[in-house]
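In what follows, a single structure is set out as structure tokens and then discussed.
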Amino acid sequence: MRGYRFAGILSLFLLLCFMTACGQRGTGKEQGVPSAGAESTPGPQPAPGFPQEEALSWQARYARLENPYTQVLAADVLYGIYTRDGLTLLDSIDRESLTVDGTFRLPEGISPSGLAADRDGNVYLLGRQEGRAGIWKFDAENGFRNQMEMELEDASRADELTLRGVCTDARGYLYVWCHMMVPIMEDDGEVWCYADRVYVRDGQFQTVYYEEIRDVKGTQVLLFGIGGDGTPRFTVKDREGIYLQEMDVERRERGEALRLENFTDARPEHMASTADGFLYCQDNELCEYTYGTQERSKVLSLSTYGVFAADILSLAKRGDVIEIIDNHGDAGYAELISFTLGTAEKETVTLGVVMTTQDLEQTAAEFNRYSDRYRVEIVDYFAQAESYEEAASRLNLDIVTGKAPDIIAVSGIDYSMLCEKGVLADLYEFMGKDGDISRDMLVQSVVKACESHGKLYSIAPSFQLHSMWGYSDVTEGRTGVTFEELQRLLANSGKDINAIAGFSADEPVLTNLCSASMDEFVDWENGTCDFEGEYFSSLLLFAKEYAGDYNGMTHGESIMRWETVLSLGIISSVADYQIQKALYGDKISFIGYPAAEGSGTSVAFTLSEVAVNAASANQAGAWEFVKFYLLHGYDGRGFPVVEEQFEQVLASSMREHYSISQDRVEKMSNGYYDAGSFIIYVYEASREEVDAVIALVESAGNRYKTCPAIQNIINEEAEMYFQGQADLSRTAEKIQSRVSLLLQESR
């Protein structure tokens, strides 16, 4: 269980970045969105791969709608579907006032899956009712009183139906575009695949025929609509790129595919037709493709305006105005955002990241939405590099040479060696001049552990604790023991170090132990280190001798049977403490990692850490973002760094929480642990449990941090020792020499 390359930790970090980027988001903001108002913000420069045209400037106007909608239709009138008190309702919303001027109850038992409108303003709803798929037409002129149901041919066995669009042409044909899963016959029997169908109906709403394109071999219909010449056509993506294909209704066939240039690597979503092409979203950028020039270009960055593609319900272009309707995170309402060309008024502040993470992208979006003066633009180094390592090196070099962005996300780089170079600003200095936040508003033990010689160079909105805990009979109430003392305590209970659980392939023994105490070996201020002392030798010896507690039982069973008597890991909530307390039968105490001094409990920031570039020409704007991130960036993971928020989280953990559904009220657990043969649920915490967590937070004295360059040296040299090719003294000597040289070169 020794992992010896830091690449394992780096791979885990990359995986977490990708996972959080795809995970569910919540805004966590308490600020209200104005019901209407203009914001002028410059659009970003075109991204790599797009034509390098002059940057556009846009104004974004936000207008709050009355309800959160699951589906919307942006026609001459806005329509939105939502559920309330068990009823499925359809709002008709006036475009000028954005007030609801009519709410209609949809047919009983209907499950809507799409809204569309024709050029006459009639609204069409696709859904299922009593197992049947159908389309309901609502006559707009008659206030939705006349409802006409139309069945879909050959769709009785289809599944997962959605209505993607409805349009009409000059000849009076109605085109109903649906997406569904259909059965097809192959040599080995019936199989199912997704397909797009466009039903062509005549003036009496009878189906003339339908055209079907199956989602096989990478084929995907992106868009269907009526072209500028009145011809219906598909926009389709396959393995070779994107092509257009017209429908010949008279002949009931499709024409020859016309390939679009400059579109082989695109992954468009939320597409909307324009006069000579279409708009689409990709990687949270709003882009446009023009048929005439066969070119694509970036229109604007959605996150710059506080918008995420995952929240978008509708995208449209009406004249010179781009409209987006979205559900604003977890704020509980939908909004209409209108973009028009305008004059830039905000100052741009850059945020450099090795790789964009969800928490920073979300915070930048929210900051840009609410800030009257500044706009944050993210500079993603990974997007311009061949590998993560290259991206980290480029950002590191830019920091050292003074070319880095105004704000720096230091997660993923060896920022500890940079702090004493004067390249990062002391955040305490900003707090001392700021009326909104001061250093005494933060959890003191946490920021103290993260200081470097009385200065604070980086911060994040939340933190977690790395520690070791176990049966109080084993720990004897001790904290911050040395390796020798730890082994003595275990021996007194008839155990050895393999009765400790918590190390894993993703968290190697050596890397874990070094990360919990690196500050004890390195003097960052003076650029010196001490890896030849007794403490580090004991750490290497422990890592070599530890074989793990792999006894065939689950972790919970191993604890209950006294095979595992100590555990190390992370405490990031009161519920985490409650679960560990339950596993150890209420006989739990925290002993901490083996340490030369202190409690052995270390602090780590949960989200991306940010710092201010000391060479920035706009430190005021950079600090405004860091402050916003600190005050509003807590997303429920870990403990908040802001003391007031920390106290609120603790108070919430002592309250009962309930889930209220239509027919019952159910008490919710604050957390659970699945031990395989049993499950532990924890509910409201006691005052005693909360006090224990507070005491643990206050005892934290070290910072848990990975230092890739130093850790790689330690792992490389330790591998020779672990394999018996070098003795302990020689290994420590070589680590001391190599790390000393690294520290000297970095000064």
Side-chain angles (χ1 to χ4, degrees), residues 1-20 353-355 357 359 382 387-389 391-393 395-396 399 408-420 424 446 449-452 457-460 462-468 502-524 529 531 536 539-540 543 568-570 572 593-595 600-611 638 700-719 735 738-739 742-743 746:
M1 288 314 294
R2 312 175 206 112
Y4 314 113
R5 281 286 188 192
F6 194 74
I9 293 296
L10 186 59
S11 298
L12 178 61
F13 176 80
L14 282 169
L15 177 61
L16 290 173
C17 288
F18 284 119
M19 289 174 64
T20 55
V353 299
V354 176
M355 176 189 288
T357 57
D359 62 297
F382 184 72
S387 66
Y388 183 87
E389 292 82 355
S393 297
L395 177 55
N396 200 78
I399 294 172
I408 304 165
V410 297
S411 302
I413 61 175
D414 273 330
Y415 66 94
S416 296
M417 291 189 288
L418 301 174
C419 292
E420 307 305 332
L424 302 179
V446 172
C450 297
E451 288 179 359
S452 178
Y457 293 107
S458 65
I459 202 162
S462 59
F463 68 94
Q464 58 191 14
L465 302 172
H466 291 254
S467 191
M468 184 185 296
F503 297 107
S504 69
D506 291 331
E507 209 169 45
V509 177
L510 183 58
T511 300
N512 198 321
L513 294 174
C514 290
S515 297
S517 55
M518 189 64 77
D519 288 343
E520 298 193 35
F521 305 125
V522 180
D523 182 342
W524 305 103
C529 61
F531 288 97
F536 186 70
L539 186 153
L540 286 176
L568 58 85
I570 297 172
S572 59
Y593 279 82
T601 295
S602 302
V603 171
F605 287 125
T606 308
L607 299 175
S608 304
E609 299 172 53
V610 293
N702 288 345
R703 176 149 189 201
Y704 189 98
K705 59 184 176 183
T706 53
C707 304
I710 294 177
Q711 192 66 54
N712 279 336
I713 291 174
I714 294 173
N715 290 345
E716 288 172 7
E717 297 299 336
E719 182 65 14
I735 292 173
R738 289 183 62 186
V739 175
L742 175 68
L743 293 172
S746 65

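Asn512 CG to His466 NE2: the interatomic distance, rounded to the nearest 0.5 Å, is 8.0 Å. Ile459 CD1 to Leu607 CG: the interatomic distance, rounded to the nearest 0.5 Å, is 12.0 Å. Taken to the nearest 0.5 Å, the CD1 atom of Ile714 stands 10.5 Å off from the CG atom of Leu513. Considering CZ of Phe605 and OG of Ser462, their distance stands at 9.0 Å, rounded to 0.5 Å. Here CE of Met518 is found 13.0 Å from CZ of Arg703. Values are rounded to the nearest 0.5 Å. Summarising the geometry, atom CG belonging to Leu424 is positioned 6.5 Å from atom CD1 belonging to Ile399; distances are rounded to the nearest 0.5 Å.
Contact check for Thr606 versus Ser572: no side-chain heavy atoms found under the 4.5 Å cut-off. You'll find the side chain of Leu539 reaches within 4.5 Å of the side chain of Cys514, heavy atoms only. In this structure, Ile710 and Ile735 have side chains that are not in contact, with every pair of non-hydrogen atoms separated by 4.5 Å or more.
Side chain of Ser602 to main chain of Ala516: a donor-acceptor pair is present (N/O by atom type, distance under 3.5 Å, no hydrogens or angles). The main-chain N or O of Tyr704 is never found under 3.5 Å from a side-chain atom of Ser515 such that the two would form a donor-acceptor pair.
In terms of heavy atoms, Ser458 sits closest to Val410 at CB-CG2, 3.9 Å. Minimum interatomic distance between Ala392 and Ile413 (heavy atoms only, all atoms of both residues): O-CG2, 4.0 Å. Shown here for Cys529 and Val739, the closest heavy-atom pair between the two residues is SG-CG1, 3.8 Å.
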Run the numbers on Cys450 and Val603 for side chain to side chain contact (heavy atoms under 4.5 Å, CB included), then give the verdict. CA-CA 8 Å; Cys450 297; Val603 171; 4.1 Å; yes
What do the steps show when you test Tyr457 against Ser452 for side chain to side chain contact (heavy atoms under 4.5 Å, CB included), and what is the final call? CA-CA 8 Å; Tyr457 293 107; Ser452 178; 3.8 Å; yes
Is there a side chain to side chain contact (heavy atoms under 4.5 Å, CB included) between Ser608 and Val353 once you walk through the steps? CA-CA 9 Å; Ser608 304; Val353 299; over 6 Å; no
Show your reasoning for whether side chain to side chain contact (heavy atoms under 4.5 Å, CB included) applies to Asp519 and Lys705. CA-CA 9 Å; Asp519 288 343; Lys705 59 184 176 183; 2.9 Å; yes
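Phe521 pairs by the ring-ring contact (aromatic ring centres under 6.0 Å, His included) definition with Phe531, Tyr535, Phe536, not counting sequence neighbours. With sequence neighbours excluded, no residue satisfies salt bridge (charged side-chain N to carboxylate O under 4.0 Å, His left out) with Glu520.
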